[in-house]
Peer 1: 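One structure, pasted below without further comment.
Here is how names work: the chains are called A, B, and so on, in the same order as the sequence lines, proteins then strands, and each is numbered from 1.
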Amino acid sequence: MKPNHSDGVDPDAPQLLQPELYKLPAVEAAPRLLGQHLVRRTEDGDIRCRIVETESYGGAEDKGSHAYGSRRTARTEVMFSAGGAVYVYLIYGMYHCLNVVTAAQDEPHAVLIRAVEPLTERDAELMKAYRGVAVRKPSDLSGGPGKLCRALRIDKSLNHSRFDLPEGPLSIEQGEDPESLDIVQAPRINIPYAGEYAGRPWRFYLRGNPYVSVSDPQAQPHRLV
DNA sequence: CACGAGATCAGCT
DNA sequence: GCTGATCTCGTGC
């Protein structure tokens with residue numbers, strides 16, 4: 001039995017991420033989302049997992065970004081929302097990718113969530129069931145943007161929802177302090193068309209975490225700014 | 001383990 | 001018509 005507090009607030013209850021993080025440019029928000037807890041509310045119950053790999057897609061100048069040159073289409077429109085919006089899009093005709101929109105309204109920044117780690121065995125079991133494919137190693141379950149969306153049953157119906165609401169289909173809760181984590185940075189995956197932006201070290205992940213999609217031998221330690 | 005092909009849709013970057 | 005912020009399954013070392 002937990003102690004009863006006079007203010008009625010359970011100090012152990014999960015707290016939503018501080019709203020300031022969503023206001024940051026994507027390249028600053030991306031490493032700070034590592035170690036935070038993504039919550040997916042489904043009919044079968046809540047699934048909680050730790051964010052372990054992210055990529056930054058930063059604004060109108062980034063040739064790797066869907067919103068390069070401030071392109072506004074039905075797909076990219078949500079990127080122009082105020083930070084905290086959910087951006088889900090379809091890739092290669094069959095896979096979904098989950099992004100956290102950041103920065104101010106009309107500044108199209110987004111952080112792609114590339115890998116997550118289930119917090120408990122129960123979370124892992126639910127994710128395996130949704131995944132529907134043989135899972136031989138951790139990264140088979142949720143190491144990769146398409147895999148984690150399948151494992152968390154995320155599709156375009158969640159586009160335009162928000163991460164900063166306590167009862168939404170997706171939210172982000174306060175997890176670990178990013179300062180305490182071993183974060184590395186490396187170039188982003190599969191964007192050779194991005195010209196001089198292709199080599200920018202805008203992928204961030206927890207060194208050695210088995211859920212990370214691709215480990216880069218050239219990855220460098222990242223220092224939070 | 002390294003590849004290659006196929007699945008299949010939105011936007012033309 | 002082609003390509004992509006991908007993944008799975010098959011073949012062949």
Side-chain angles (χ1 to χ4, degrees), chain A residues 25-31 33-34 38 51-81 83 85-103 106-117 127-160 163 170 184-205 210-217 219:
Chain A
V27 71
E28 288 177 39
L33 283 166
L34 297 175
L38 181 67
I51 299 171
V52 300
E53 179 181 350
T54 58
E55 269 178 11
S56 158
Y57 287 85
E61 332 74 46
D62 179 7
K63 287 187 186 163
S65 171
H66 292 158
Y68 170 58
S70 293
R71 265 194 323 272
R72 271 182 116 121
T73 65
R75 181 173 69 158
T76 64
E77 188 58 34
V78 67
M79 291 185 75
F80 293 83
S81 308
V86 175
Y87 174 30
V88 179
Y89 66 88
L90 188 63
I91 188 70
Y92 299 109
M94 18 182 10
Y95 296 101
H96 294 278
C97 291
L98 174 68
N99 295 253
V100 181
V101 173
T102 74
D106 296 320
E107 291 176 20
H109 289 231
V111 176
L112 173 67
I113 308 297
R114 287 194 52 93
V116 298
E117 170 179 5
M127 289 166 68
K128 276 179 203 163
Y130 285 157
R131 202 67 180 79
V133 81
V135 173
R136 325 191 87 94
K137 57 184 191 299
S139 63
D140 288 345
L141 180 64
S142 50
K147 293 178 192 175
L148 76 88
C149 283
R150 188 76 64 87
L152 296 175
R153 194 162 278 187
I154 290 168
D155 62 26
K156 283 174 66 181
S157 68
L158 302 182
N159 199 28
H160 278 101
F163 288 105
L170 274 174
V184 294
Q185 60 183 39
R188 296 174 291 182
I189 302 283
N190 282 345
I191 49 160
Y193 54 86
E196 69 271 31
Y197 287 87
R200 297 290 160 88
W202 289 344
R203 182 165 71 106
F204 304 90
Y205 61 92
Y211 287 85
V212 166
S213 63
V214 186
S215 283
D216 187 331

Peer 1: Considering only dG11(B), dA10(B), dT13(B), which nucleotide approaches the side chain of T73(A) most closely?
Peer 2: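 Looking only at heavy atoms from C-beta outward on T73(A), the closest nucleotide is dG11(B).
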
Peer 1: For the residue pair Y205(A) and A186(A), what are the closest heavy atoms and their distance?
Peer 2: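 Heavy atoms only, the tightest pair is CE2-CB, 4.5 Å.
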
Peer 1: Using a heavy-atom cut-off of 4.0 Å across all strands, would you classify G146(A) as base, sugar-phosphate, or nothing?
Peer 2: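 Counting heavy atoms under 4.0 Å across all strands, the contact made by G146(A) is with sugar-phosphate only.
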
Peer 1: So R71(A), base contact, sugar-phosphate only, or nothing? Heavy-atom distance under 4.0 Å.
Peer 2: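 Base, at least one base atom sits under 4.0 Å.
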
Peer 1: Has the side chain of E117(A) got a donor or acceptor atom that lies under 3.5 Å from a matching backbone atom of V52(A)?
Peer 2: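 No: the side chain of E117(A) does not pair with the backbone of V52(A).
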
Peer 1: Which nucleotide sits closest to the side chain of M94(A): dC12(B), dT13(B), dA7(B)?
Peer 2: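 Side chain of M94(A) sits closest to dA7(B).
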
Peer 1: Please state how far atom CD in E55(A) lies from atom P in dT6(C), giving the value in whole angstrom units.
Peer 2: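 About 7 Å, once rounded to whole Å.
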
Peer 1: Whether N190(A) contacts dG4(C) is assessed here as follows: a side-chain N or O lying under 4.0 Å from the phosphate OP1 or OP2. Is that the case?
Peer 2: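 So the side chain of N190(A) is outside the cut-off, no N or O lying under 4.0 Å from OP1 or OP2 of dG4(C).
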
Peer 1: Just verifying a value: how many Å separate W202(A) CH2 and I189(A) CD1, rounded to the nearest 0.5 Å?
Peer 2: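 If I round to the nearest 0.5 Å, the distance is 15.5 Å.
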
Peer 1: Round to the nearest Å and state the distance from Y95(A) atom OH to dC9(C) atom C1'.
Peer 2: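 Between C1' of dC9(C) and OH of Y95(A): 10 Å.
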
Peer 1: Heavy atoms from C-beta onward define the side chain here; which of dC12(B), dT6(C), dT8(C) lies closest to that of I189(A)?
Peer 2: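 Closest nucleotide among those given: dT6(C).
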
Peer 1: Counting heavy atoms from C-beta on, name the nucleotide in dT6(C), dC9(C), dC9(B) closest to the side chain of L90(A).
Peer 2: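 Closest nucleotide to the L90(A) side chain: dC9(B).
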
Peer 1: Between H66(A) (NE2) and dT3(C) (C1'), how many Å, whole number?
Peer 2: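 Interatomic distance, NE2 of H66(A) to C1' of dT3(C): 11 Å.
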
Peer 1: From CD1 of I113(A) over to P of dT6(C), roughly how many Å is that when rounded to an integer?
Peer 2: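 From I113(A) CD1 to dT6(C) P: 14 Å.
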
Peer 1: If you check the Y92(A) side chain, which of dC12(B), dC9(C), dG4(C) turns out closest?
Peer 2: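 For Y92(A), the side-chain atoms sit closest to dG4(C).
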
Peer 1: I need the CZ-P distance between R136(A) and dC1(B), as an integer number of Å.
Peer 2: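 Those two atoms, CZ and P, are 12 Å apart.
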
Peer 1: Rounded to whole Å, how long is the line connecting atom CD1 of I191(A) with atom C1' of dT13(B)?
Peer 2: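 That distance rounds to 12 Å.
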
Peer 1: Output the rounded distance in Å from OH (Y89(A)) to P (dC12(B)).
Peer 2: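 My rounded result for the distance is 14 Å.
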
Peer 1: If you find the nucleotide of DNA chain C closest to L148(A) and the one closest to G93(A), which residue's nucleotide is nearer the 5' end?
Peer 2: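 On the 5' side of the pair lies G93(A).
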
Peer 1: Specify the separation, in whole Å, of atom NZ of K156(A) and atom P of dA10(B).
Peer 2: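 To the nearest whole Å, that distance equals 6 Å.
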
Peer 1: Would you mind classifying the nucleic acid contact of R203(A) as base, sugar-phosphate or nothing, using non-hydrogen atoms under 4.0 angstrom?
Peer 2: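 If one applies the 4.0 Å heavy-atom cut-off, R203(A) turns out to touch nothing in the nucleic acid.
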
Peer 1: Does R150(A), at its CZ atom, have more than 12 non-hydrogen atoms belonging to other residues, nucleotides or ligands within less than 6.0 Å?
Peer 2: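 Counting other residues, nucleotides and ligands, CZ of R150(A) stays at 12 neighbours or fewer.
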
Peer 1: Does dT8(B) pair with anything, Watson-Crick or G-U wobble, both distances under 3.5 Å, and if so, with which nucleotide?
Peer 2: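 Its partner: none found.
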
Peer 1: Check whether any side-chain N or O of R150(A) sits under 4.0 Å from OP1 or OP2 of dT6(C), and answer yes or no.
Peer 2: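 Answer no for this pair, as no side-chain N or O of R150(A) is under 4.0 Å from OP1 or OP2.
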
Peer 1: Please classify the nucleic acid contact of G69(A) as base, sugar-phosphate, or nothing, using heavy-atom distances under 4.0 Å.
Peer 2: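 Nothing: the residue G69(A), judged by heavy atoms under 4.0 Å, touches no strand.
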
Peer 1: Could you pull out the closest heavy-atom pair between R71(A) and S65(A), with the gap in Å?
Peer 2: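 Shortest heavy-atom contact: NH2-O, 3.4 Å.
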
Peer 1: Identify which one of R114(A), R188(A), R200(A) satisfies the salt bridge (Lys or Arg N to Asp or Glu O under 4.0 Å) criterion when paired with E55(A).
Peer 2: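 Passing option: R114(A).
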
Peer 1: From C-beta outward on R75(A), which listed nucleotide comes closest to its side chain: dC9(C), dG11(B), dA10(B)?
Peer 2: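 Selected nucleotide: dG11(B).
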
Peer 1: By a 5.5 angstrom centroid cut-off and a 30 degree plane limit, is there stacking between Y68(A) and dT13(B)?
Peer 2: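 Base of dT13(B): not stacked against Y68(A).
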
